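Order of listing sets the numbers, starting from 1, for every ligand and every atom in it. Predicted model, so just to flag it, every value in this text is computed and none were measured.
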Amino acid sequence: MKLTILGCYAATPRTFTNPTSQVLEIRNRLFLIDCGEGTQVQLRKNKVKFSKINHVFISHLHGDHVYGLIGLVSTFMLLGRTADLHIYGPVGIKELVTMQLRLSNSWTTYGLYFHELESAESQLIYEDDKVSVRTIPLKHRIYTNGFLFIEKPAERKLNVEAVSKYKIDSIYYRKIKAGKDVKLDDGTVVPNIALTFDPDHPKSYAFCSDTVYDESIIPFIKDADILYHESTFLETETLLATKTMHSTARQAASIAKLANVGTLVLGHYSTRYESIEKFADEAKTVFPNVLLADDTRTFEF
Ligand SMILES: [Zn+2]
Ligand SMILES: [Zn+2]
């Protein structure tokens, strides 16, 4: 699982910082999460292939999470894209994009599918043979969802030495990786455990931005390997955080601790702070395993 931060600052784009957008890669699938202004440029800088983006997840319709979307949709068209593009986001996202396309008298060369969300409950919104995605209902000034990406268990790993020792034909490898035992010509049954190794532990990634401190999300993100939780403010601005329905670094760390996650990634920093190091310092007083998102920073989990 590889997470590339394209932008992780709140509100306005600046010379060296970008609003929220990130790319999550899970077993060769790319998912774009939020699409703030400048996302295309950031995708280019990070050498992310545009053609590999088929699913875009938008948390909410505040500009710092979605104003890059029309540009991306339009560029896909100019590049002659033909593959379908699926956009998941709050009700209104279809209108937001199609109104701009209509007024500029343009249309896409590819299938553009909107999956509009309005439920206050957690829902399964995407599933394939490798990954599933559920919404995490968040509390913010407008309707907002986080997203929980869960890897499906991988197939078992072939023990190459063992299969050659038993002289097993390669046509059986798929079945072996799926967990089947093998019956040899002399009738002996070789148990699967002797032919394979355990697969890597399937990982999960929870994206939670933007939200006020809210313990009701804990059941949805419990034991997640990685939690990205917004930390717009430091503790000194706790009142402002509550008023604007954002969180502090300390509050993000409390959620990480209560949810027993593996690693906390902080982001969505207010541009009022000179340096982001203080966010990590503050969070680490509550929860030890903290990483700081920053634009163009990449994490492999
Ligand atoms: Zn925001
Ligand atoms: Zn917001």
Between side-chain atoms of residues 167-182 and protein atoms elsewhere (two or more places apart, or another chain), which donor-acceptor pairs fall under 3.5 Å?
{"from": "D169", "atom 1": "OD1", "to": "I171", "atom 2": "N", "distance (Å)": "3.0"}
{"from": "D181", "atom 1": "OD1", "to": "N192", "atom 2": "N", "distance (Å)": "2.7"}

- Message: Filter on ring pair (Phe, Tyr, Trp, His ring centres under 6.0 Å), then keep only pairs touching residues 278-301, sequence neighbours left out; what's left?
- Response: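 Qualifying pairs, neighbours excluded: Y269-F279, Y273-F279.
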- Taking the side chain from D64 and the backbone from G36, do they hold a donor-acceptor pair closer than 3.5 Å?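 Not confirmed, D64 side chain does not pair with G36 backbone.
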- Query: Within 45° of the axis and under 6.0 Å from the centre of the six-membered ring of F197, does NZ or CZ of R156 qualify?
  - Reply: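 Judged by the rule, R156 and F197 form no cation-pi pair.
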- Have a look around the Zn ion (ligand 1) and list protein N/O/S atoms under 2.8 Å, or say none.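 Under 2.8 Å from the Zn ion (ligand 1) - ignoring waters, which are not counted - the protein N, O or S atoms are D64 OD2, H65 NE2, D210 OD2, H268 NE2.
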- Message: I need the full list of salt bridge (charged side-chain N to carboxylate O under 4.0 Å, His left out) pairs touching residues 208-222, with sequence neighbours left out, sorted by first then second residue.
- Response: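 Listed by first then second residue: K139-D214.
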- Item | Partner of V66 by side-chain contact (heavy atoms from CB on, under 4.5 Å), out of V97, V56, I93, D34 |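 Answer after filtering V97, V56, I93, D34: I93.
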